[in-house]
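The block underneath contains the structure these notes are about, expressed in structure tokens.
Each chain gets a letter, A, B and so on, in the order its sequence line appears, and its residues count up from 1. Every value quoted in this text rests on a predicted model; they were computed, and no experiment measured them.
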There are 2 protein chains.
Amino acid sequence: MSTSPSPEAPAYPTHPVADVHQVLSALADPVRLEIVRRLSRAGGGPTPCAHLYDGVSKSTASHHFKTLREAGLTERSVEAGQSCQRLRVAEVEQALPGILSAVLRAADELTEPQ
Amino acid sequence: MSTSPSPEAPAYPTHPVADVHQVLSALADPVRLEIVRRLSRAGGGPTPCAHLYDGVSKSTASHHFKTLREAGLTERSVEAGQSCQRLRVAEVEQALPGILSAVLRAADELTEPQ
DNA sequence: TGGTAAGTTCGACGTACGTCGAACCCGCCC
DNA sequence: GGGCGGGTTCGACGTACGTCGAACTTACCA
């Protein structure tokens, strides 16, 4: 009752897209870049956390999710009881035109040298 | 060996453009981003080191120049006795299409908010 | 032949960052 | 109800990074 003032308490607020420096720092870490890449592959929809990383512990991954959210690159939601992240493609493209797509392309070419 | 083995000893070799991670890291530092911005403003030609930074010591600036060179973003030359840096626009654009221009644009808009 | 100015290199130092395990929370479903 | 799997938070720890001043090199100039 008195505990929750609003029906949906937003414990994980969506941040505005941060400045170039912070966004570049967020994207510069290999683990985070991979998360963003998978999010992009997922077609822009909310994706369960567990599908987004390999090789690091849950706590480390959670920390990276937080960093990405604070840079405004992703937002959190809960779908069917699972915590999910979504890439804010449109918002990021508007704030920092071209950066996300260029970085994603470069990352893809690194992975698939073709 | 007191003498140089080759007539033109390249003490400061030009590096190939590094991978996305290293380039993003290089660009993520505010001091380095400013250096790159000024280099870009200079029209792509070699620019004396002293014109490229404010607020940090010479040794710190020299360290940042080295980081940029190792990421393949810049190269060093000597013009009229002065040490100069040049932005490798074409090479970076070919290796990582769109990234440099997008970052530069975002940095400019940060500095000149329209 | 000094002297000065510009750059680089070399430690040193403090802070920020990535990483982990443990503890905790929350929904599910046996 | 009790256990379980997925996430988050909280220290703690080690390393990487940005910063500086001092020392050194080189080039230029009086």
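Residue B:Ala61 is out of contact with every strand shown, counting any heavy-atom pair closer than 4.0 Å. B:Ser83 comes within 4.0 angstrom of the backbone, heavy atoms only, and of no base. Across all strands, A:Thr60 comes closer than 4.0 Å to base atoms (heavy-atom distances). Note on B:His64: only backbone sugar-phosphate atoms sit closer than 4.0 angstrom, heavy atoms only; bases stay farther off.
A heavy-atom distance below 4.5 Å is not found between the side chains of B:Tyr12 and B:Lys66.
Here C:dT19 presents its P atom at 13 Å from OH of A:Tyr53, a figure rounded to the nearest Å. Atom CZ in B:Phe65 sits roughly 19 Å away from atom P in D:dC17 (whole-Å rounding). Atom pair B:Lys66:NZ and D:dA16:P shows a separation of 15 Å (rounding to whole Å applied). B:Lys58 has its NZ atom 10 Å from the P atom of C:dT8, to the nearest Å.
Of the listed nucleotides (D:dG7, D:dT8, C:dT9), C:dT9 has the atom at the smallest distance from the side chain of B:Ser62. In this structure, of C:dT19, C:dA22, D:dG18, it is D:dG18 that holds the atom nearest to the side chain of B:His63.
Regarding contacts with the backbone of C:dG18, a side-chain N or O of A:Arg32 is found under 4.0 angstrom from either OP1 or OP2.
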